[in-house]
Amino acid sequence: MELKIARADLHTKKKNEAKISLDEIKTRVQEHNEHAFYLDGTNTHKDMQKAKASLEKSGLRVQLNEVRYGLDDNTYIYELYVV
């Protein structure tokens, strides 16, 4: 499963969307000691729940949050913490 990574700048175009797979997330957690991942709000909530469940089955603890950065209901990103 691949998930879209959140843009670092609001002015960048959506055409250059970066993606990350669950295997890459596991590798970054174990080898590179990364624990926070910010994912685009266009990922479906169902896919985010599947990703969380898959990571938890691998023996990792996962916390998934929605971070709102504007007043509009559609201006949010997903924050995924993996320990």
Pairs under 3.5 angstrom only: tabulate donor-acceptor contacts from the side chains of residues 51-63 to other protein residues two or more places apart or in another chain.
| residue | atom | partner | partner atom | Å |
| --- | --- | --- | --- | --- |
| Ser58 | OG | Lys26 | NZ | 3.0 |
| Ser58 | OG | Ser54 | O | 3.2 |

Interatomic distance, CG@Leu22 vs CG@Leu3, rounded to 0.5 Å, equals 6.0 Å
Gap between atom CG of Leu64 and atom CD of Glu79 - 0.5 Å precision: 9.0 Å
Taking the side chain as C-beta and beyond, is there a heavy-atom pair between Val29 and Phe37 under 4.5 Å? yes
Please say yes or no: joined through hydrophobic side-chain contacts below 4.5 Å, possibly via intermediate residues, are Met1 and Ile20 part of one cluster? yes
Does Lys4 offer a backbone N or O that forms a donor-acceptor pair with the side chain of Asn43 under 3.5 Å? yes
Determine, step by step, whether Asp23 and Ser21 satisfy the side chain to side chain donor-acceptor pair (under 3.5 Å) criterion, reporting the C-alpha distance in whole Å, the side-chain angles of both residues, the deciding distance to 0.1 Å, and the verdict. CA-CA 5 Å; Asp23 292 332; Ser21 69; 5.0 Å; no
Any heavy-atom pair between the side chains of Ile25 and Glu34 that's under 4.5 Å? no
We want to know whether Asp47 and Thr44 form a side-chain donor-acceptor pair, criterion being a heavy-atom distance below 3.5 angstrom. yes
Hey, what do you get for CZ (Arg28) to CD (Gln30), rounding to the nearest 0.5 Å? 13.5 Å
Separation between OH of Tyr38 and CD1 of Ile5, rounded to the nearest 0.5 Å: 13.0 Å
Does any part of the side chain of Glu66, heavy atoms only, come nearer than 4.5 Å to the side chain of Arg68, both counted from C-beta? yes
With rounding to the nearest 0.5 angstrom, report the OH to OG1 distance, Tyr78 to Thr42. 9.0 Å
Identify the heavy atoms of Thr75 and Asp72 that sit nearest to each other, and give their distance. OG1-O, 2.8 Å
Just checking, is any N or O donor in the side chain of Asn33 or His35 under 3.5 Å from an acceptor N or O on the other one? yes
If two hydrophobic side chains count as joined below 4.5 Å and joins carry through other members, does Tyr81 share a cluster with Ile77? yes
